[in-house]
Amino acid sequence: MENENRKVLLTIRDLKQYFPVKKTKLREKQRYVRANDGISLDIYAGETLGLVGESGCGKSTLGRTLLQLYPQTEGEVIYHKDDRDIDLKSLSKEEMRVLRKDLQLIFQDPYSSLNPRMTVGQIIGEGLVSHGVFKRGDPAMRDYIFKVMDNCGLDTYMFGRYPHQFSGGQRQRIGIARSLALNPAFVVCDEAVSALDVSIQSQILNLLSDLKEKQNLTYLFITHDLSVVKYISDRIGVMYLGNMVELAPTEELFANTLHPYTEALLSAIPVVDENDKRERILLEGDIPSPVNPPSGCKFHTRCRYCQQKCKEVVPEWTDMGNNHFVACHFPLQHKG
């Protein structure tokens with residue numbers, strides 16, 4: 001599949017994540033929110049895979065499911081480590097807890113994700129103690145935390161201070177240091193810069209890029225901002241209502257967009273060039289309910305190219321060449 005010459009770190013096959021909806025007196029039949037509805041892809045070692053889409057499309061759910069914070073309803077998530085293929089769903093809680101050293105998460109909100117009663121040193125060191133890297137009170141741990149802080153752009157004087165004493169950008173650096181202190185192989189960056197000022201966003205993006213090169217990290221970078229994902233990602237996946245609708249290398253996606261939804265997202269990126277006369281595509285209507293999604297292609301209710309086939313038949317995940325995949329009956333390159 002995809003690129004056979006690169007080492008695959010994570011394999012996702014037909015992943016489904018359904019959450020039950022609370023029953024009411026009017027609706028006794030059990031219903032489910034289809035947060036992820038049959039996702040298949042490979043994540044390569046050392047790459048940054050960007051994941052974009054509107055709010056509620058299932059991006060964060062996918063990231064947390066890959067970390068088994070949400071055990072998947074169906075499908076497979078295989079972690080390839082030291083020539084072993086580890087099916088994450090088959091692991092016990094204790095086995096998964098041991099593996100969490102390799103699979104880490106950077107949270108979206110730098111204000112609520114840090115314990116206000118713990119100092120910076122305690123926040124970064126908590127995982128090191130839990131995973132047995134150091135014993136609590138070990139002088140060597142303090143030196144190691146100083147090194148991690150330095151790598152993440154934090155001064156050592158911050159070691160004994162509390163989260164409320166720092167800005168949003170500094171707090172996000174603390175969260176990054178906490179995650180990367182364990183030397184993970186795979187990191188889910190869940191809207192890691194969306195809560196920050198634009199000037200601070202660029203600093204955090206540069207930091208993440210530098211740390212990726214230094215520690216040979218693999219990122220799943222979740223965002224709704226295509227201008228941000230273009231800067232940091234090697235490949236970009238586009239999600240809509242629980243499904244992956246397009247996946248391609250970054251330059252290929254921007255130069256040769258195939259899915260109408262991706263086309264609409266790209267047209268919404270703000271530009272400062274007054275000579276840029278590209279058409280602004282407005283998607284009409286609301287996103288359909290993930291509890292009761294439309295038949296056929298889920299995007300057909302908002303697609304300006306919709307035909308009868310789109311309403312009746314689910315489009316297949318198709319390789320269009322150049323590692324470019326799309327789920328559309330009538331890809332844009334074939335439209336007049």
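Note that the structure is predicted; figures quoted are calculated from it, not measured.
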- Query: How about Tyr305 and Glu263: does a side-chain donor come under 3.5 Å of a side-chain acceptor?
  - Reply: yes
- Message: Strictly by salt bridge (Lys or Arg N to Asp or Glu O under 4.0 Å), give each pair with a member in residues 77-100 just once, sequence neighbours left out.
- Response: Lys81-Asp102
- Query: Mind checking who shares a hydrophobic cluster with Ile174, ILVMFWY linked at side-chain heavy-atom distances under 4.5 Å?
  - Reply: Leu114, Met118, Val120, Ile123, Ile124, Leu128, Val129, Val133, Phe134, Met141, Tyr144, Ile145, Phe146, Val148, Met149, Leu154, Tyr157, Met158, Phe159, Phe166, Leu182
- Query: Do you know which two heavy atoms are closest between Ser209 and Ile232, and how far apart they sit?
  - Reply: OG-CG1, 3.8 Å
- Message: If I compare all heavy atoms of Ser233 with all of Leu49, which pair ends up nearest, and what's the gap?
- Response: OG-C, 4.4 Å
- Message: Within a 6.0 Å radius of atom CD on Glu126, are there more than 12 heavy atoms belonging to other residues, nucleotides or ligands?
- Response: no
- Message: Looking at Asp225 and Lys230, is any side-chain nitrogen of the basic one under 4.0 Å from a carboxylate oxygen of the acidic one?
- Response: no
- Task: Over all heavy atoms of both residues, which pair between Leu220 and Gly63 is shortest? Give the atoms and the distance, please.
- Result: CD2-CA, 3.9 Å
- Query: Side chains of Glu191 and Ser60: do they bring a donor and an acceptor to under 3.5 Å?
  - Reply: no
- Message: Between Tyr18 and Asp37, is the side chain to side chain contact (heavy atoms under 4.5 Å, CB included) condition met? List the steps.
- Response: CA-CA 8 Å; Tyr18 296 168; Asp37 198 12; 2.6 Å; yes
- Any Ile106 side-chain heavy atom under 4.5 Å of Val187 side chain: yes
- Message: Using a 3.5 Å distance criterion without hydrogens, assess whether the side chain of His300 forms a donor-acceptor pair with backbone atoms of Glu312.
- Response: no
- Query: Take atom CZ in Arg304; do more than 12 heavy atoms of anything else shown fall under 6.0 Å from it?
  - Reply: yes
- Quick check: does any side chain N or O of Glu74 sit under 3.5 Å from a backbone N or O of Asp14, one acting as donor and the other as acceptor? no
- Nearest heavy-atom contact between Gly38 and Asn243 is O-ND2, 4.4 Å
- Message: Run the salt bridge (charged side-chain N to carboxylate O under 4.0 Å, His left out) test against Lys212 and tell me which residues pass, sequence neighbours left out.
- Response: Asp234
- Message: Walk me through whether Phe221 and Leu208 qualify under side chain to side chain contact (heavy atoms under 4.5 Å, CB included).
- Response: CA-CA 10 Å; Phe221 191 86; Leu208 290 171; 4.0 Å; yes
- Determine whether the side chains of Thr61 and Gln17 contain a donor N or O and an acceptor N or O closer than 3.5 Å. no
- Between the side chains of Thr11 and His80, is a donor N or O closer than 3.5 angstrom to an acceptor N or O? yes
